**Student:** 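The structure's right below; bear with me while I get my questions together.
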Amino acid sequence: MTALYTVAEIRQIETAHTTAHSRISLMQAAGEAIAACAIKLLHKRKKNVLILVGPGNNGGDAWVAARILQKQKINITVVSVGEQKHPGPVAKTACAEYIKAKGSFVKATPGLEFGSAVGSTSTSTSGYGLIIDGIFGIGLTQRPAGEFAHIIDAANALSEKHDIPILAIDIPSGLIADTGAAPGAVIHATTTLTFLGAKPGLYTADGSDCCGEILIDTLGAKLPPSSGTLLTESDCAALIPQRRHHSHKGTYGQVGIIGGADGMVGAAILAARAALHMGPGKVYVGLMADQALSHDPINPEIMMRTARDLAANEAITVFAIGMGMGQSAAAKSIMTKIRARQMLMLIDADALRWVIPPIVAKKSSTGAALQEKVAGNTCLSLSFNSKIVLTPHPGEAARLLNISTAEVQQDRISAAQSIARSTGAVVVLKGNGTVIVMPGTLTNAVQGSAHAGHYFISPTGNPGMASGGMGDALSGMIAAFMAQGLSTLDAAKLGVYLHGAAADCACHHGMGPHGLTASEVIFEARTLLNTGLKNHHDE
């Protein structure tokens, strides 16, 4: 597994490592790693490097790298951004040692053009073979302003105009490490070399648009358990349900899909088709529409019922509810009946309105923490039930938390954790870098070794998934894995990772990102499921 560490956790690792290895400078090790990476990226490119150095420890790493590259006869241009008010003596020493080694730099100004900073080593900005971003590190918590924003925008423009790769030190400047939010100007790196451990912001929200290829260097530090995990192919492949020769359709569970009001029947059908192709024994669809289909002409294996009849079926292993369900009184009545049975459920889309109580989020007196309280005007209560998976998109999550969608996207992990804590359900917050959170009431024995509130981020998926029906297909997939005996958490992890990986394969085959459909993703997902998630297009 790839652990994800918050800024606070990284600071603890730094402190522990420095205490145990007082003679070993993390900054020196980081600078050496940056220089080595830069030389690799310069392979067969122009040997001129533009290094942007900020005022903190991230800039200290850049000063060390600059000294090493200069010693190795690499032509470098160093631009110092902001006042060099170092938070500690190590970065200050790194700067002094660079200058002592006859290194020079240009002070950034709001009107600085990089061409004027080049000097004799290069005649134009197009002469650079690499840009190193050492402006801001993981301590940034707000949008860059003034000269910082100007330099970031100028670096991006230079990179794009002349096809110059950017190597970001630890994290692209302007990106928030804990959340992946980019509230203002942000570096769009080709490669991000991150230190000690991976940060969640690299993989969710704006992270994947800014980081490029992500490389992790622990610098020899001992890494403790973390609060988050990045899902990997091998981890998720181990979750794939195994099938025995001595089995039958009853062995693999029965999925009941309830939704599909008038005008939205396709949502329920997509969910059912996705479930069918993930391997459960039987799949039923209970439609809310008055003119219900008698059968699915594409997949006649799916059994059609009315929503009310299916809700009463005692043989169903897991219900997936809400896809195109609508907000009628009949929908509320069906939800109430199913909820009363205390069985496995996946709740999505319209059903989230009926089941989840509104959560009022208020800032504490210090403005640092959120306090949730559950209003009493809801039709149902989840009662901290570990049998439930909730799959909101950011807009639905915002409604549950009584905040704006923008606020959810500013801190997707905290939003998902807040919903999980207050409901006791496994939460899947969909979007770029889908976040999966364990509920706060589950014990280690129930859901594995990770602690309550632990989050997972999936690195799979692409912009082609921004189309109708993708969420419906995901719901069907997760429900199918729940029917086959996976825990709610494991079903969510496998379903989310597989769903995104299938979309990635579809794009590789030329089916996206433009015009990619949920139906196409379903078939790619079945292929991946049967090949153990191996990326067959890479072979």
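Owing to the predicted nature of the structure, the values given are computational and were not obtained by experimental measurement.
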**Student:** Okay, side chain of K430, backbone of T391: is any donor-acceptor separation there less than 3.5 Å?
**Tutor:** yes
**Student:** Any side-chain to backbone donor/acceptor pair from E32 onto A29? Under 3.5 Å, distance only.
**Tutor:** no
**Student:** Between atom OG1 of T434 and atom CG of L429, what is the distance when rounded to the nearest 0.5 Å?
**Tutor:**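 These two atoms lie 7.5 Å from each other.
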**Student:** Within the 4.5 Å heavy-atom criterion, are I13 and P224 side-chain neighbours or not?
**Tutor:**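 Answer yes - side chains close enough.
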**Student:** Output, in order, the C-alpha distance, side-chain angles, deciding distance and verdict of side chain to side chain contact (heavy atoms under 4.5 Å, CB included) for M345 and M335.
**Tutor:** CA-CA 11 Å; M345 295 174 62; M335 285 298 307; 4.0 Å; yes
**Student:** Kindly determine whether I436 and V426 satisfy side chain to side chain contact (heavy atoms under 4.5 Å, CB included), including the steps that lead there.
**Tutor:** CA-CA 7 Å; I436 304 164; V426 169; 4.1 Å; yes
**Student:** Regarding T460 and S458, is there a side-chain donor-to-acceptor distance under 3.5 Å anywhere?
**Tutor:**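 Yes, S458 and T460 have a side-chain donor paired with an acceptor closer than 3.5 Å.
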**Student:** For residues M482 and K387, report the shortest heavy-atom separation together with the two atoms involved.
**Tutor:** CE-O, 4.1 Å
**Student:** Is there side-chain contact between T15 and T19, with heavy atoms separated by less than 4.5 Å?
**Tutor:**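 With C-beta onward as the side chain, the pair touches.
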**Student:** Using every non-hydrogen atom in the two residues, find where A425 and L390 come nearest and quote the distance to one decimal.
**Tutor:**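 Minimum heavy-atom contact is CB-CG, 3.7 Å.
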**Student:** Between the main-chain N or O of A503 and the side-chain N or O of N462, is there a donor-acceptor pair closer than 3.5 Å?
**Tutor:** yes
**Student:** Give a yes or no answer on whether the side chain of T179 reaches the backbone of G201 with a donor-acceptor pair at less than 3.5 Å.
**Tutor:**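 Not at all, since once roles are kept as given, no pair shorter than 3.5 Å links the two residues.
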**Student:** What's the spacing between Q410 CD and S404 OG if we round to 0.5 Å?
**Tutor:**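 So the CD of Q410 and the OG of S404 are separated by 6.5 Å.
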**Student:** So, H150 and E147: side-chain donor and acceptor under 3.5 Å apart, yes or no?
**Tutor:**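 No, because no side-chain N or O of H150 sits under 3.5 Å from a partner of the opposite role on E147.
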**Student:** Is D217 reaching over with its side chain to a backbone N or O of A30, donor-acceptor style, under 3.5 angstrom?
**Tutor:** no
**Student:** Show your reasoning for whether side chain to side chain contact (heavy atoms under 4.5 Å, CB included) applies to F481 and L498.
**Tutor:** CA-CA 11 Å; F481 295 135; L498 175 61; 3.8 Å; yes
**Student:** Under 3.5 Å, side chain of D206 to main-chain N/O of A182, donor-acceptor pair present?
**Tutor:** yes
**Student:** Check whether any side-chain N or O of S159 sits under 3.5 Å from a backbone N or O of I164 as a donor-acceptor pair, and report yes or no.
**Tutor:** yes
**Student:** Would you say D170 and T194 make side-chain contact, with heavy atoms under 4.5 Å?
**Tutor:** yes
**Student:** Enter the distance from I321:CD1 to R339:CZ here, rounded to the nearest 0.5 Å.
**Tutor:**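 Output value for this atom pair is 10.0 Å.
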**Student:** Return yes if some donor-acceptor pair links the side-chain N/O of D133 with the main-chain N/O of S173 below 3.5 Å, else return no.
**Tutor:**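 Checked: pair present.
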**Student:** In Å and rounded to the nearest 0.5 Å, what is the CG to CD1 distance from L4 to I457?
**Tutor:** 5.0 Å
**Student:** Measuring only between side-chain heavy atoms, which start at C-beta, is I138 closer than 4.5 Å to N58?
**Tutor:** no
**Student:** Rounded at 0.5 Å granularity, tell me how far OG1 in T405 sits from CD in E396.
**Tutor:**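 That separation rounds to 9.5 Å.
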**Student:** Just so I know, are the side chains of F136 and I187 near enough to count as touching, which here means a heavy-atom distance under 4.5 Å?
**Tutor:** no
**Student:** Examine distances only and state if a side-chain atom of E9 and a backbone atom of S227 form a donor-acceptor pair shorter than 3.5 Å.
**Tutor:** yes
**Student:** Compare every heavy atom of P200 with every heavy atom of D178, then report the nearest pair and how far apart it is.
**Tutor:**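 Looking at all heavy atoms of both residues, the closest pair is O-CG, 3.6 Å.
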**Student:** Grab the two heavy atoms, one from P144 and one from L140, that are nearest each other, plus how far apart they are.
**Tutor:** CG-CD2, 4.4 Å
**Student:** Can you check whether P241 reaches L494 side chain to side chain, under 4.5 Å on heavy atoms?
**Tutor:** yes
**Student:** Within the 4.5 Å heavy-atom criterion, are V427 and P439 side-chain neighbours or not?
**Tutor:** no
**Student:** Examine distances only and state if a side-chain atom of T192 and a backbone atom of A168 form a donor-acceptor pair shorter than 3.5 Å.
**Tutor:** no
**Student:** The test is side chain to side chain contact (heavy atoms under 4.5 Å, CB included); show your working for V53 and W63 and say whether it passes.
**Tutor:** CA-CA 7 Å; V53 182; W63 288 118; 3.3 Å; yes
**Student:** With a 4.5 Å limit on heavy-atom distance, are the side chains of E160 and H188 in contact?
**Tutor:** no
**Student:** Of all the heavy-atom pairs spanning T204 and G433, show the shortest one and how long it is.
**Tutor:** OG1-O, 2.8 Å
**Student:** Quick one: OH on Y455 to OG1 on T6, what's the gap to the nearest 0.5 Å?
**Tutor:** 6.5 Å
**Student:** At their closest point, which heavy atom of A502 faces which heavy atom of L528, and how far apart are they?
**Tutor:** N-CD1, 3.5 Å
